[in-house]
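By convention in this document, chain letters (A, B, ...) are assigned in the order of the sequence lines, proteins followed by strands, and residues within each chain are numbered from 1. Only a predicted model underlies this, so the values are computations on that prediction, with no experimental measurement involved.
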Amino acid sequence: NAGVTQTPKFRILKIGQSMTLQCTQDMNHNYMYWYRQDPGMGLKLIYYSVGAGITDKGEVPNGYNVSRSTTEDFPLRLELAAPSQTSVYFCASSDAGTGWGYTFGSGTRLTVV
Amino acid sequence: GQSLEQPSEVTAVEGAIVQINCTYQTSGFYGLSWYQQHDGGAPTFLSYNGLDGLEETGRFSSFLSRSDSYGYLLLQELQMKDSASYFCAVSLQAGTALIFGKGTTLSVSS
């Protein structure tokens with residue numbers, strides 16, 4: 001049972017480059033989320049989805065885009081990377097059947113130089 | 001805006017009991033959750049309180065008082081492996097995304 005899988009684990013981007021962070025879950029959860037975590041800080045919500053085809057902005061959506069074409073996948077797109085996007089990115093999923101507890105992926109550590 | 005307040009650091013010795021408090025001011029409230037995160041790792045779900053009172057799961061317990069906008073995580077019989085960051089998180093409605101506090105770093109020494 002893989003849970004939530006994120007790729008890549010590490011990435012260095014140059015300013016202005018773009019990339020997609022991948023997130024896949026195999027628990028058939030309807031709800032999926034993207035958070036970023038800066039050093040010594042809590043997690044801030046970027047985007048979330050309550051089901052395939054439905055996405056909504058969180059607290060810090062600027063500079064990011066998402067899509068949810070299937071229940072399993074919830075990729076996060078960074079356009080025109082900036083140093084302020086240097087962070088650790090976590091994808092998570094949840095559902096009512098699990099008491100809404102989140103299952104997190106192992107994270108993607110992104111550095112923009 | 002939404003705010004969750006928890007202490008930034010707590011220290012304790014092995015075998016002791018420690019309580020990590022969380023107070024919240026949010027535009028709504030559905031439940032309070034707690035997550036553990038070891039250095040460099042992913043957060044893992046510890047507990048959830050939707051109603052007032054105490055929830056117990058092994059060495060960990062969590063408490064909620066909705067009228068006081070307050071909750072705490074109680075860790076008993078501390079072990080070195082409990083050294084980690086602990087986050088409280090509020091859900092405003094069922095199924096909505098969690099709002100996380102900034103976390104409390106717990107250091108357990110022998």
Could you tell me whether the side chain of B:Y35 and the main chain of A:Y102 form a donor-acceptor pair under 3.5 Å? yes
Got more than 12 heavy atoms from elsewhere within 6.0 Å of [atom1], [X]?
X	atom1	value
A:I54	CD1	yes
A:Q17	CD	yes
B:R66	CZ	yes
B:D39	CG	no
A:I12	CD1	no
B:Q25	CD	no

Is it the case that the ring center of A:Y35 lies less than 6.0 angstrom away from the ring center of B:F100? yes
Using side-chain heavy atoms (C-beta onward) and a distance below 4.5 Å, is A:T103 in contact with B:F45? no
Distance-only polar pair, side chains of A:E59 and B:Q2, donor-acceptor under 3.5 Å: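 No, because no side-chain N or O of A:E59 sits under 3.5 Å from a partner of the opposite role on B:Q2.
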Looking at A:F90 and B:Q37, what are the two nearest heavy atoms and their distance? CZ-NE2, 3.6 Å
Pick one of side chain, backbone, both or neither for B:L98, based on which atoms fall under 4.5 Å of a heavy atom in chain A.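 Both backbone and side chain of B:L98 come within 4.5 Å of chain A.
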Identify whether A:V60 and A:Y33 are in the same connected component of the hydrophobic contact network (ILVMFWY, side-chain heavy atoms under 4.5 Å). no
I'd like to know which of B:A42, B:P43, B:A97, B:G40 tops the heavy-atom pair count under 4.5 Å against chain A.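 So the answer, after comparing B:A42, B:P43, B:A97, B:G40, is B:P43.
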So which part of A:L45 gets closer than 4.5 Å to some heavy atom of chain B, the side chain, the backbone, both or neither? side chain
Once rounded to the nearest 0.5 Å, what's the spacing between atom OG of B:S85 and atom CD of A:Q37?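 Answer for the OG-CD pair, B:S85 versus A:Q37, is 8.0 Å.
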